[in-house]
J.: 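The structure is given below, and queries will be raised subsequently.
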Amino acid sequence: MENASDRNDAATGLPGSAELAGGRAQPKTDKSEATRALILETAMRLFQERGYEKTTMRAIAAEAGVSVGNAYYYFSAKEFLIQGFYDRMTYDHAADARARMAHTRDFAERLGIAIESWIDTAAPYHEFSAQFFRTAADPNSALSPFSNESHPARATAVELFRDVLQGSELAPKLDAELVELLPDVLWLHLMIVVLYWVFDRTPDTERTREFVRRSTPLVARLINLSRYRVFRPLVRDAKGLIQDFVLPSIGKAVVK
């Protein structure tokens, strides 16, 4: 557990810094970025070896060879190390997915590629993902994917799904308002996949991959059907539900 002396160490002589959402210090130089990355990588390793609850900020700092104050300079609390991990993994996922789907404009294929890319990017962390899920499942936790603090990673992911749609042949055929809402809906589809993945203990999470292979074409077909006039009333009802109940429940920015 973190204690008062750890937090006192964090306040000794360190310069002020701009912050990322969730209390994560914004690195200003290559050296500070390298230090931040070292702390984050050390934390991920210790979380794997010892578990999230048993790993303290003091232990992370000691393993990384930095002061406790330096660790708190970059991450104001242990939970924000996980936010930093989310940020980095989401960025890596988006870059990988965009590279993989550059060769196709087929919407179903692009969506499948984007989700498969997430599974591949997250694979090294699957063994201890359930530890984080226990905390993230708390609606009051900063680690919740719906929290204000998770907004930076979530925004990166939603923008990826915007590219999935906008780069496809389907986007010009859909209602413009639906096109605006769909990236958030597709991100929610990914969250369903993530939940399944967390509890999947098959080799190489093969059941999750099969779930994606079978569910993604279905999602694509349902979205494709929305452009036909006979389905317009259902589309309007669906848009109303999303606007009134889903989007308002997702944090947009950090509460100051």
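Numbers for residues simply follow the sequence, beginning at 1.
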J.: Could you check if a side-chain atom of F47 sits within less than 4.5 angstrom of a side-chain atom of I82, using non-hydrogen atoms only?
T.: yes

J.: Does any part of the side chain of S226, heavy atoms only, come nearer than 4.5 Å to the side chain of L174, both counted from C-beta?
T.: yes

J.: Under the ring pair (Phe, Tyr, Trp, His ring centres under 6.0 Å) rule, collect the residues that match up with F211, sequence neighbours excluded.
T.: Y196

J.: Apply side chain to side chain contact (heavy atoms under 4.5 Å, CB included) to residues R45 and T42 and explain how you reach the verdict.
T.: CA-CA 5 Å; R45 175 171 58 81; T42 301; 3.9 Å; yes

J.: For D92, enumerate each residue passing the salt bridge (Lys or Arg N to Asp or Glu O under 4.0 Å) test, keeping only those at least two apart in sequence or located in another chain.
T.: none

J.: Calculate, to the nearest 0.5 Å, the distance between atoms CZ and OG belonging to F146 and S141 respectively.
T.: 12.5 Å

J.: Do you know the tightest heavy-atom contact between F75 and M57?
T.: O-CE, 3.4 Å

J.: Checking F85 now: which residues fulfil ring pair (Phe, Tyr, Trp, His ring centres under 6.0 Å) with it, not counting sequence neighbours?
T.: Y125

J.: Taking all non-hydrogen atoms of both residues into account, name the closest pair between I39 and A71 and its distance.
T.: CD1-CA, 3.9 Å

J.: Check ring pair (Phe, Tyr, Trp, His ring centres under 6.0 Å) between Y91 and all other residues, then give those that pass, not counting sequence neighbours.
T.: none

J.: Indicate yes or no: at least one non-hydrogen side-chain atom of E79 is less than 4.5 angstrom from one of Y52.
T.: yes

J.: With a 4.5 Å cut-off on side-chain heavy atoms, are E63 and I60 touching?
T.: no

J.: Would you call E116-R100 a salt bridge at under 4.0 Å N-O?
T.: no

J.: Under the side chain to side chain contact (heavy atoms under 4.5 Å, CB included) rule, what do R162 and E180 come out as? Steps first, then yes or no, please.
T.: CA-CA 8 Å; R162 192 177 307 281; E180 184 61 29; 3.8 Å; yes

J.: Which is it for H189 and V185 under the side chain to side chain contact (heavy atoms under 4.5 Å, CB included) test, yes or no, and what are the steps along the way?
T.: CA-CA 6 Å; H189 174 57; V185 176; 6.0 Å; no

J.: What residues, two or more places apart in sequence or in another chain, satisfy ring pair (Phe, Tyr, Trp, His ring centres under 6.0 Å) together with F231?
T.: none

J.: Indicate yes or no: at least one non-hydrogen side-chain atom of E159 is less than 4.5 angstrom from one of D163.
T.: yes

J.: Please say yes or no: joined through hydrophobic side-chain contacts below 4.5 Å, possibly via intermediate residues, are V179 and L190 part of one cluster?
T.: yes

J.: Are R154 and E149 ion-paired here, with the side-chain N under 4.0 Å from a carboxylate O?
T.: no

J.: How close do P124 and Q48 get, counting heavy atoms only, and between which atoms?
T.: O-NE2, 3.4 Å

J.: Cluster question for you: counting only ILVMFWY and a side-chain heavy-atom cut-off of under 4.5 Å, with indirect links fine, are M89 and I115 together?
T.: yes

J.: Could you report the tightest heavy-atom contact between Y74 and S32, atom names first, then the distance?
T.: OH-CB, 3.0 Å

J.: Could you tell me whether E210 and R207 make a salt bridge, using a distance below 4.0 angstrom between a side-chain N and a carboxylate O?
T.: no

J.: Any Lys/Arg nitrogen of R213 or E206 sitting under 4.0 Å from an Asp/Glu carboxylate oxygen of the other?
T.: yes

J.: Measure the CG-NE2 distance between D200 and H126 for me, rounded to the nearest 0.5 Å.
T.: 5.5 Å

J.: For A43, does its backbone N or O pair with a side-chain atom of K78 as donor and acceptor, under 3.5 Å?
T.: no

J.: Quick check: do P152 and Y86 have side-chain heavy atoms less than 4.5 Å from each other?
T.: no

J.: Between E41 and R88 (salt bridge meaning N to carboxylate O under 4.0 Å), is one present in this structure?
T.: yes

J.: Once rounded to the nearest 0.5 Å, what's the spacing between atom CH2 of W197 and atom OG1 of T208?
T.: 8.5 Å

J.: Would one find more than 12 heavy atoms of other residues, nucleotides or ligands at under 6.0 Å from atom CZ of R201?
T.: yes

J.: Is the shortest heavy-atom distance from the side chain of R227 to the side chain of L178 under 4.5 Å?
T.: no

J.: How many angstroms lie between atom NE2 of H93 and atom CG of L160, to the nearest 0.5 angstrom?
T.: 5.0 Å

J.: Main chain of M101, side chain of T104: is a donor-acceptor contact present, judged purely on distance under 3.5 Å?
T.: no

J.: Any side-chain heavy-atom pair from F161 and V164 closer than 4.5 angstrom?
T.: yes

J.: L195, I192: one ILVMFWY side-chain cluster at the under-4.5 Å cut-off?
T.: yes

J.: Under 4.5 Å between side-chain heavy atoms, hopping through other hydrophobics if needed: is there a path connecting L38 to L46?
T.: no

J.: How close do A108 and A220 get, heavy atom to heavy atom, and via which atoms?
T.: CB-CB, 3.5 Å

J.: I need the E169 CD to R105 CZ distance, nearest 0.5 Å.
T.: 6.5 Å

J.: Can you see which heavy atom on A59 is nearest to which on T56, and at what distance?
T.: N-OG1, 3.0 Å

J.: Apply side chain to side chain contact (heavy atoms under 4.5 Å, CB included) to the pair L170 and R110, showing each step before the final yes or no.
T.: CA-CA 11 Å; L170 183 59; R110 289 171 68 85; over 6 Å; no

J.: Taking side-chain hydrogen bond (donor to acceptor under 3.5 Å, both in side chains) as the definition, give me every residue that meets it alongside S117, ordered by chain and number, with sequence neighbours left out.
T.: D96

J.: Can you tell me if S147 uses its side chain to pair, donor with acceptor, with the backbone of S144 under 3.5 Å?
T.: yes

J.: Within this structure, what is the CG-CE distance for the pair L186 and M191, rounded to the nearest 0.5 Å?
T.: 11.5 Å

